[in-house]
Number of protein chains: 2
Amino acid sequence: MKTTKRQKDIIDASIELIAEKGIQELTIKNLSKKIGIVESAIYRHFKSKMDILISILSLFRESKEMMNKELSALEADYTEKLKQMLQKRFTFFSSNPAIAAVIFSEELFRNDRRLSDFVYKIMQYNQKVIIDILENGQQIGEFRDDVPAKELAFMITGALRLVVTQWRIADYSFDLQEEGRRLWKTIEILIQK
Amino acid sequence: MKTTKRQKDIIDASIELIAEKGIQELTIKNLSKKIGIVESAIYRHFKSKMDILISILSLFRESKEMMNKELSALEADYTEKLKQMLQKRFTFFSSNPAIAAVIFSEELFRNDRRLSDFVYKIMQYNQKVIIDILENGQQIGEFRDDVPAKELAFMITGALRLVVTQWRIADYSFDLQEEGRRLWKTIEILIQK
DNA sequence: ATAATGTGAGCGAACATTCACACACGTTTT
DNA sequence: AAAACGTGTGTGAATGTTCGCTCACATTAT
């Protein structure tokens with residue numbers, strides 16, 4: 001079930017649409033207009049609109065998994081690992097703003113279990129990765145252990161989400177990576193023993 | 001322009017609808033069904049659906065302002081002020097889950113400037129209040145000042161939002177206030193000098 | 001009697017989706 | 001080589017649904 005060229009076109013166009021004007025602009029009509037075919041032709045390549053969204057999310061999950069493989073192969077201390085991870089995520093969102101729009105709109109998916117499960121799982125997974133790094137770092141005495149890793153992770157993930165969200169609301173008007181670097185500086189200090 | 005009894009009914013019903021099944025369920029049809037009148041009757045009391053949403057947000061803003069008046073009247077150190085503030089917000093969301101659904105769905109309002117501005121301003125205001133407390137506390141040496149207040153605020157607000165969001169996604173299945181208390185314990189330790 | 005409120009029918013737009021049909025190919029059959 | 005056929009892709013019209021909203025008319029409250 002590999003994706004055909006046309007399917008890739010559709011996914012790309014979808015991502016562009018979402019990045020430009022938000023997920024609400026992703027309609028079959030807009031999509032077909034953007035590609036230059038008629039609405040019904042979309043259905044030659046995807047069973048439903050939801051399938052398109054799922055494909056986008058899968059794409060994200062894949063790149064997420066790759067990110068994490070690189071991360072665990074990394075020979076470095078946990079501080080460095082955490083830093084790399086956050087940096088990678090900021091870089092990713094920076095060049096894929098549409099994904100952020102999809103990932104962070106849980107509310108829109110409330111009526112569709114398939115989608116909301118998908119989003120929720122990605123969210124849980126991300127958090128778990130951070131918690132693991134933190135706990136490992138705590139155990140070997142690299143991070144402070146007077147606060148639970150779970151709450152720390154909440155603050156880190158929460159801050160990341162908030163920064164990205166504001167970046168989108170502000171129409172990408174500031175440098176997300178730069179803001180990410182600033183955030184990291186603070187996190188780094190806070191988690192130190 | 002005070003709100004009539006019927007207007008209050010409508011707002012209450014809206015909030016209930018949103019709390020139950022998310023903002024997507026807030027339609028004029030569902031609303032009228034819930035109240036027990038016919039769809040068109042809604043328009044005797046509100047000019048448009050957007051006006052209903054604006055009213056809900058106004059309600060939130062008012063209670064927010066009241067919260068803050070209480071807070072600044074409080075004779076206490078900044079740690080206590082911050083604690084009170086977070087606690088109040090968790091308590092508020094705990095008994096008004098619908099507001100969280102509205103406040104945290106920026107994506108849905110992207111195509112409506114009136115609404116998105118409203119939400120954005122509330123968000124900015126909240127953040128400013130926290131930053132102020134943090135900065136004041138830093139100046140008198142109550143909080144650590146080796147990290148910028150802005151980034152700290154990002155982490156605090158972000159964590160709050162994330163916890164509330166997960167609580168909603170998980171269908172209110174855990175005790176939000178309890179989780180809030182846990183989060184505070186961590187924040188308190190982190191900001192200490 | 002007047003104003004406030006409710007009713008029921010309906011409008012226009014947006015939306016995802018379906019369907020019968022057409023055309024361009026490459027492959028297979030005669 | 002010509003005819004038949006399958007497959008992938010696109011077209012245009014149509015369907016069914018939902019939505020916010022309007023309007024002429026009726027009922028109720030003051």
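Predicted model, so just to flag it, every value in this text is computed and none were measured. Protein chains get the first letters and strands the later ones, always in sequence-line order, with residue 1 at the start of each. As a basis for the values below, the full set of heavy atoms in this structure was taken, side chains included, without hydrogen atoms, waters or symmetry mates.
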So which nucleotide from D:dG10, C:dT17, C:dG6 ends up closest to the side chain of A:E39? C:dT17

Write down the atom of A:A19, the atom of A:Y172, and the distance for their closest heavy-atom approach. O-OH, 2.9 Å

For the pair made of CD in A:Q24 and P in D:dC19, what is the distance, rounded to whole Å? 14 Å

Looking at B:H45, does any N or O in its side chain come under 4.0 Å of the phosphate oxygens OP1/OP2 on C:dG6? yes

May I have the distance from A:F46 (atom CZ) to D:dG10 (atom P), rounded to whole angstrom? 13 Å

Strictly distance-based, threshold 3.5 Å: is any side-chain N or O of A:Q138 a donor or acceptor partner for the main-chain N or O of A:V147? yes

Salt bridge between B:E70 and B:K88, side-chain N to carboxylate O under 4.0 Å? yes

The residue, A:I28 or B:V38, whose nearest nucleotide of DNA chain C is more 5′ is B:V38

Please evaluate the base of D:dG10 for a donor-acceptor partner in the side chain of A:S40 within a cut-off of under 3.5 Å? no

Within this structure, what is the CD-to-C1' distance between A:E25 and C:dA16, rounded to whole angstrom? 16 Å

Rounding to an integer number of Å, can you tell me how far B:L108 CG sits from D:dC19 C1'? 15 Å

Figure out the CD1/C1' separation between B:I52 and D:dC21, and round it to whole Å. 12 Å

Does atom NZ of B:K193 have more than 12 heavy-atom neighbours, drawn from other residues, nucleotides or ligands, at distances under 6.0 Å? yes

Rounding to a whole Å, what distance do you find between A:Q7:CD and D:dG10:P? 12 Å

What's the OH-C1' distance between B:Y43 and D:dC25, to the nearest Å? 19 Å

B:K49 atom NZ is separated from D:dC21 atom P, nearest whole Å, by 8 Å

Students often get this wrong, so: under 4.0 angstrom with heavy atoms, is A:L26 touching a base, only sugar-phosphate, or nothing? sugar-phosphate

B:K21 and A:N111: side chain donor to acceptor below 3.5 Å: no

So, is A:R44 near the phosphate of D:dT7, with a side-chain N or O under 4.0 Å from OP1 or OP2? no

